[in-house]
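Inspection log for the structure reproduced underneath, given as structure tokens.
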Protein chains: 2
Amino acid sequence: MSNKRENISMSVIRRLPRYYRFLGDLLKHGVTRISSRELSQRMGLTASQIRQDLNCFGGFGQQGYGYIVDQLYREIGKILGTDKRRRAILIGAGNLGRAIANHMAFETRGFDLIGIFDQNPNLIGQVIKGIPVQDSRGLEEFCSRNHPAVAVLCIPRESTHEMATRLTKLGIKGFWNFSHYDLSVHFPDAVIENVHLGDSLLTLSYRVSELERKE
Amino acid sequence: MSNKRENISMSVIRRLPRYYRFLGDLLKHGVTRISSRELSQRMGLTASQIRQDLNCFGGFGQQGYGYIVDQLYREIGKILGTDKRRRAILIGAGNLGRAIANHMAFETRGFDLIGIFDQNPNLIGQVIKGIPVQDSRGLEEFCSRNHPAVAVLCIPRESTHEMATRLTKLGIKGFWNFSHYDLSVHFPDAVIENVHLGDSLLTLSYRVSELERKE
DNA sequence: TAGATTGTTAATCGATTAACAATC
DNA sequence: TAGATTGTTAATCGATTAACAATC
């Protein structure tokens with residue numbers, strides 16, 4: 001069943017979390033069964049696409065019946081890796097870093113935030129979500145002891161490249177990158193998930209302008 | 001020149017901020033001229049795509065020469081609307097809201113943050129980036145007086161739908177939505193830019209798992 | 001002029017949608 | 001069994017890439 005997945009396209013992968021979110025919501029509302037057609041209407045896409053997407057990973061439905069919400073939810077969770085426990089560290093305890101640490105439910109998504117680092121002496125020692133901010137200089141020792149798999153980068157653009165190089169050497173395999181720096185171009189082999197908030201805001205700007213042009 | 005743009009595809013639009021970012025960087029480094037080929041290598045895409053993309057909006061290059069960085073940068077800025085002044089308000093002064101208000105350079109992207117709102121009495125009155133947090137109940141009056149065009153939503157999932165309905169009535173045309181709620185499905189006519197941080201983290205989780213599977 | 005590089009058309013590739021046989 | 005809905009193949013649509021004539 002799960003050996004089907006080879007070369008799943010990015011378009012499909014990026015839809016999975018959304019399916020997961022909608023199914024979780026249905027589950028919470030006590031819906032036990034759903035057809036691709038009904039789910040498609042709720043999500044604003046085609047039933048065909050949903051069936052196509054899900055069948056990249058296996059046949060989770062029953063012909064003539066549909067999908068069992070609870071079962072599908074858990075299957076997608078497994079596909080996404082929410083059942084794993086991966087250690088994550090966060091670099092940069094500024095405004096954004098603190099907000100991410102406090103706000104993000106890492107645990108429900110398969111991650112354990114085990115360390116927060118910064119180089120600013122004023123921030124070192126502060127406790128965020130029960131985790132004390134450590135001096136970045138201690139990264140090497142911390143990583144060799146605790147083996148985090150993933151790093152959340154909330155640092156300025158300028159220091160991102162160097163930090164990523166350093167962390168790659170320490171065994172970090174995945175980056176959740178909030179800096180306005182295109183890591184992916186320079187680290188083609190690492191798993192990099194960029195959150196370019198600035199780009200997102202500019203897209204909004206474009207689309208609002210477009211709206212005005214139409215009027 | 002700018003009357004060319006009709007039905008630009010989302011794929012193109014989403015690449016524009018990235019071009020803008022790279023060109024800004026070249027500019028800062030004193031590069032005056034660049035060919036589509038060189039830019040493509042730096043950005044990790046094809047020269048063909050760059051030329052194709054830019055020509056959706058006009059012929060900004062010179063045959064045999066390439067593009068003048070400074071000029072192209074400003075053209076794309078205009079396309080994105082960074083030269084406009086749009087009023088924005090932020091709803092929800094929790095962890096995330098505060099971080100966005102403090103961290104985001106709204107000004108350089110065509111937006112002026114003119115108000116911050118929350119319903120929590122402990123937050124009301126606090127000053128964030130020189131802007132005092134106001135009681136959400138005052139939204140109606142504030143909007144009829146100041147006419148903001150865009151709202152940044154940093155509120156819980158549950159209150160998002162109601163708040164968007166309310167803000168739409170107050171003339172808000174665009175939403176920068178940080179809540180885990182799919183506004184776009186329910187407000188098909190509004191301009192909505194979702195930042196689903198949870199989805200992004202789950203995508204990272206999937207891709208890290210994938211990496212392990214391959215080993 | 002010769003060389004370089006654009007703008008643009010045509011070819012290819014991939015993703016989405018439609019259709020339908022399989023089957024619960 | 002009849003009706004419903006999946007899984008899957010085929011058709012369509014759109015986006016990316018290649019090619020090349022136009023031109024600086």
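Each chain gets a letter, A, B and so on, in the order the sequences are listed, and its residues count up from 1.
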With B:Ser200 via side chain to side chain donor-acceptor pair (under 3.5 Å) - residues at least two apart: A:Trp176, A:Glu193

Sequence-distant partners of A:Arg109, salt bridge (Lys or Arg N to Asp or Glu O under 4.0 Å), two or more places apart: none

Chi angles and distances behind the ring pair (Phe, Tyr, Trp, His ring centres under 6.0 Å) call for B:His186, B:Tyr181: CA-CA 10 Å; B:His186 301 98; B:Tyr181 179 76; 5.4 Å; yes

Test applied, side-chain contact (heavy atoms from CB on, under 4.5 Å); reference residue, A:Phe175; option that passes from A:Thr160, A:Thr168, A:Val150: A:Thr168

With sequence neighbours excluded, residues passing salt bridge (Lys or Arg N to Asp or Glu O under 4.0 Å) with A:Arg51: none

A:Ile50 CD1 - C:dA15 P separation (whole Å): 18 Å

Under 3.5 Å, N/O pairs linking protein and nucleotides 9-11 of chain C:
unit_1	atom_1	unit_2	atom_2	d
C:dT9	O4	B:Gln52	NE2	3.2

ring-ring contact (aromatic ring centres under 6.0 Å, His included) partners of A:Phe22, counting only residues at least two apart: none

A:Ser48 side-chain N/O to C:dA18 phosphate OP1/OP2 under 4.0 Å: no

Non-neighbouring partners of A:Asp70 that pass salt bridge (Lys or Arg N to Asp or Glu O under 4.0 Å), sequence neighbours left out: A:Arg74

For A:Asp25, all residues meeting salt bridge (Lys or Arg N to Asp or Glu O under 4.0 Å), sequence neighbours excluded: B:Arg157

Donor-acceptor pairs under 3.5 angstrom involving side-chain atoms of residues 87-104 of chain A: please list them, not counting sequence neighbours.
unit_1	atom_1	unit_2	atom_2	d
A:Arg87	NE	A:Asn146	O	2.8
A:Arg98	NH1	A:Ala93	O	2.9
A:Asn102	ND2	A:Arg98	O	3.1

So which protein N/O to nucleotides 20-24 of chain D N/O distances come out below 3.5 Å?
unit_1	atom_1	unit_2	atom_2	d
D:dA22	N3	B:Gln63	NE2	3.2
D:dT23	O4'	B:Gln63	OE1	3.2
D:dC24	O4'	B:Gln63	O	3.4
D:dC24	O2	B:Gln63	O	3.4

Neighbours of DNA chain C within residues 18-42 of chain A, by heavy-atom distance under 4.0 Å: none

For B:Tyr20, all residues meeting ring-ring contact (aromatic ring centres under 6.0 Å, His included), sequence neighbours excluded: B:Tyr73

Nucleotide-level pairing of DNA chain C, given in dot-bracket where Watson-Crick and G-U pairs need both distances under 3.5 Å and | marks other strands: ..||||||||||||||||||||||

